[in-house]
Amino acid sequence: MTTGEEQIGWSRDEMARRLALDIPNGSYVNLGIGIPELVAKFVPAGRTLIYHTENGLLGMGPSPAPGEGDPELINAGKRQVTAIAGASYFHHADSFAMIRGGHIDLCVLGAMQVAQNGDLANWSTGEPGAIPAVGGAMDLVAGVKSVYVITQHCTKTGEPKLVDRCTYPLTGRGVINRVYTDLAVVDVTRDGFRVVELAPGVEFEYVRERTGAPLLRSAPLATGQCHEHACGCDAKRRPV
Amino acid sequence: MTTGEEQIGWSRDEMARRLALDIPNGSYVNLGIGIPELVAKFVPAGRTLIYHTENGLLGMGPSPAPGEGDPELINAGKRQVTAIAGASYFHHADSFAMIRGGHIDLCVLGAMQVAQNGDLANWSTGEPGAIPAVGGAMDLVAGVKSVYVITQHCTKTGEPKLVDRCTYPLTGRGVINRVYTDLAVVDVTRDGFRVVELAPGVEFEYVRERTGAPLLRSAPLATGQCHEHACGCDAKRRPV
Amino acid sequence: MIDKRYQSAADAVADVPDGASVMIGGFGEAGSPIELIHALIDQGARDLTVISNNTGSGEVGLAALLKAGRVSKVVCSFPRTANSTVFPDLYRSGRIELELVPQGTLAERIRAGGAGIPAFFTPAAVGTPLAEGKESREFDGKEYLMERGLRADFALIKGRRADPYGNVVYSKTARNFGPIMAMAARVAVVQVNEIVEAGMLDPEVVVTPGIFVSRVVGVASPMHESELVAAGATYP
Amino acid sequence: MIDKRYQSAADAVADVPDGASVMIGGFGEAGSPIELIHALIDQGARDLTVISNNTGSGEVGLAALLKAGRVSKVVCSFPRTANSTVFPDLYRSGRIELELVPQGTLAERIRAGGAGIPAFFTPAAVGTPLAEGKESREFDGKEYLMERGLRADFALIKGRRADPYGNVVYSKTARNFGPIMAMAARVAVVQVNEIVEAGMLDPEVVVTPGIFVSRVVGVASPMHESELVAAGATYP
């Protein structure tokens, strides 16, 4: 698609870069398949994150050089990866003990729908005839300390992904803490969705029109490029 | 004590030797502290048993040579041991997964009382002021495939240890399969205690008088030295 | 002597009966015991219940076992893969039953089965369609589902090295379900690249202690699913 | 950079507050983190709940912590040892509370706590006095008790080697409760004979992945309880 709307807001890389700014040094992070994987490319210099992949590796490194991969060293997306110095391998029950036991600091996932109460739907359209496949998503959202979604604000057909109530089958109930879209960074609060930052050139009203649930605005509401500090820092953010 | 009764029946070593005859080659065995430990000395030539100690070692070997012990290589009785070629170390949850999951073939324990329904009491007299300490006994009797008791037939004061009903606090309910005493080998069956073998020179009546519950006799009821074969073999056993 | 070595994959799976439950290790192709699966196809057992994280790709290994019509039910977290058409076809045409289990719940159910834990509680899947029919319960103000331990008649596992006692070490992320499936199966069969003498594996680094393993088979150069699929291979 | 190294045992336990729950590794003297325990005695925290398989011997290490009056409750499977008089005296005089737990149940409760499992069922202790007050339930015709996962504020653990990421390997049967206590504690503190650089521990042989460990302290030549007791040592 090459509509005008695509010009507005953050690109996928920019979304990933924006999210990466908010991950503190030393975090244990599980990145879902797809856009979430991009986050690893944009971790600011000076921070070390440790990547967990639920198929049994802590300390996942980047893709191997061509021809140097090992079919027995893969990530949860079944792509060949590497292991950093300081990595460890373990079996699946231990791996999900890390997840379920609250040892992973952050999980970043894609989404089909996120509801204002934090419900997530990202595994099934519920259509008859579809092959149901859930993988580790339900365990991740139930166990990891913080769960962020990274996704386009709307579907390819323009439907909002941030909704009043998920219509697709749930992955987890009240599990999402924050959503990073091409248009904004949106917290899931007790009062519902709250925009904490707008992409450059994106107005609050524009986002509200494309959101399927009430949208609160934060004060100070930030926008733009001012993210040399980690999550929670309001330095240089300008209120909208 | 040096009463006449002590001359009768099997010595502790002979009890251990008798029990050892009944353990098939290749068995995974957990031996309790005390008389049960003697069993390892009497395994017939040609059989290999693998010893499990619940503090995290499979493939426990004999005591180390003097001066060669390691305070970090001990058995459940906290005595220094060795590890055989083919051993493995693991943590406590994995060790008791072996026990609870039914992976250990045989556990041999001492007893204060065994009831005719297989109840075992071996951890506490229940006296006020005693320091209660249970260790792994309750897990062992609940999880191991076969649980044998090895014990004197009576207490030092002449009270039967094979009883109608345990009066001491239980270690487990209906868990004992067989008892090896100085006087006899006694199966715990659905119908109660059944003598399957008498020690040399010991008469059935003699055992019955010293047993606190009805005692059945097996046909063929065996006695004596005829145990060059493994458990279940009736070769050369003479009926009483 | 204890010697759990079997001469061939065929020998090691010869007694799998019709109707057996079979855990099959692997996450995607990593750890998939292709040679054991192919031996099981040759052997002919049918009406199997297969417990495995995926359902294979192409028409080799696990997918070939499904394709051969030997499996009546799969217990699985992700039965959908690139290059996977066998399971979808069987599922859509109603020729195979699927019990979909979240991956961590699947792992923990297998570990529980092996550890003698008949049931446990997990927060995964609360409030989702996969909670339907499951008992739920609150602990400390949070809701959990009760899940049952899972055991199987056989497990087919791929390791890296083993000794005659059945001690096994694995390779990288091919470890995945191997150690817990070995615990949960009545008969765990492990294929390894190399069988070494007892004492050659450091007791500190053994991942699966021999007590969990019944049979060990050497397969010096195991096939890789992705290469077979890329080459368009099928089995048998 | 990630660097979990602490300069001293004292630094590593400096923030243990009064009233904290503290898991202490070891089975008898094997794996008992004596230097960390002594640092905790020096630090002065009191009203502690200690979760440990035993209660120490002589008047060093764990027994010394009890003797110093810092512990109000122990959760334990076997609080009775040769050369053990400290706990018996405290217990008989009503100055310490005891929660007696079968050893395998204790291990599994700790593992469950670390794995996010709030409760599970076990056959151990059914029909015994230790079943009193516990929910029981039948699965497949057999009775089980429900047991709760166990977590703690801190864990004090003895390993053999660690790296700055907190990856740990152990020594022989000193491994015992270390790996599961690391999982179950908010702050796991591990003393090791040797701290090596990241990358020096083979990822295949790491027993406790660094994610479970908050602090690592080097204690090159740790004391052994039995030697101290034989020498009649006391602490402080």
Side-chain angles (χ1 to χ4, degrees), chain B residues 23-30 43-61 70 72-74 81-107 136 138-145 147 172 175, chain C residues 1-5 23 107-120 149-153 155 159 161-170 178-188 195-216:
Chain B
I23 311 178
N25 183 44
S27 294
Y28 291 94
V29 179
N30 183 298
V43 175
R47 291 191 210 166
T48 304
L49 308 188
I50 306 278
Y51 299 103
H52 172 265
T53 180
E54 60 264 34
N55 55 314
L57 168 59
L58 188 70
M60 180 172 64
D70 180 339
E72 302 206 316
L73 177 45
I74 62 175
V81 294
T82 53
I84 65 166
S88 55
Y89 300 108
F90 32 82
H91 64 55
H92 248 79
D94 281 349
S95 185
F96 280 84
M98 292 178 191
I99 291 170
R100 203 188 305 99
H103 303 282
I104 313 274
D105 296 302
L106 176 66
C107 172
M138 289 185 180
D139 309 276
L140 283 161
V141 299
V144 172
K145 285 181 201 159
V147 183
V175 293
Chain C
M1 252 320 276
I2 292 178
D3 190 349
K4 299 181 177 180
R5 289 175 292 182
M23 291 177 172
E108 190 65 16
R109 288 182 63 191
I110 294 167
R111 191 260 173 199
I117 306 288
F120 62 92
L150 199 54
R151 294 185 59 86
D153 299 317
R161 255 185 298 279
D163 67 19
Y165 284 80
N167 294 305
V168 181
V169 295
Y170 299 83
I180 52 177
M181 287 181 170
M183 293 170 67
R186 189 172 53 74
V187 178
I195 300 180
V196 299
E197 282 174 40
M200 299 290 285
L201 296 177
D202 179 353
E204 297 279 9
V205 312
V206 168
V207 174
T208 293
I211 194 170
F212 296 127
V213 173
S214 297
R215 301 170 189 177
V216 171

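Labels below follow one simple rule: chain letters A, B, ... track the order of the sequence lines, proteins then strands, and each chain is numbered from 1.
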With D3(C), which residues qualify under salt bridge (Lys or Arg N to Asp or Glu O under 4.0 Å), at least two apart? R5(C)
With a 4.5 Å cut-off on heavy-atom pairs, point out which of D94(B), I99(B), I50(B), L57(B) contacts chain C the most. I50(B)
Does the side chain of M23(C) reach to within under 4.5 Å of the side chain of L150(C), using non-hydrogen atoms? yes
Quick check on I84(B) against chain C: is it the side chain, the backbone, both or neither that has a heavy atom closer than 4.5 Å? side chain
Would you indicate whether the side-chain heavy atoms of I74(B) and N55(B) approach each other to under 4.5 Å? yes
Contacts table for residues 109-117 of chain C: side-chain donor-acceptor under 3.5 angstrom, sequence neighbours left out:
{"residue": "R109(C)", "atom": "NE", "partner": "R148(C)", "partner atom": "O", "Å": "2.8"}
{"residue": "R109(C)", "atom": "NH1", "partner": "E99(C)", "partner atom": "OE2", "Å": "3.0"}
{"residue": "R111(C)", "atom": "NH1", "partner": "E108(D)", "partner atom": "OE1", "Å": "3.3"}
{"residue": "R111(C)", "atom": "NH1", "partner": "E108(D)", "partner atom": "OE2", "Å": "2.5"}
{"residue": "R111(C)", "atom": "NH2", "partner": "E108(D)", "partner atom": "OE1", "Å": "3.1"}

Side chain, backbone, both or neither: which part of A142(B) has a heavy atom under 4.5 Å from chain C? neither
Quick check for you: among G143(B), G102(B), A87(B), which has the greatest number of heavy-atom pairs under 4.5 Å with chain C? A87(B)
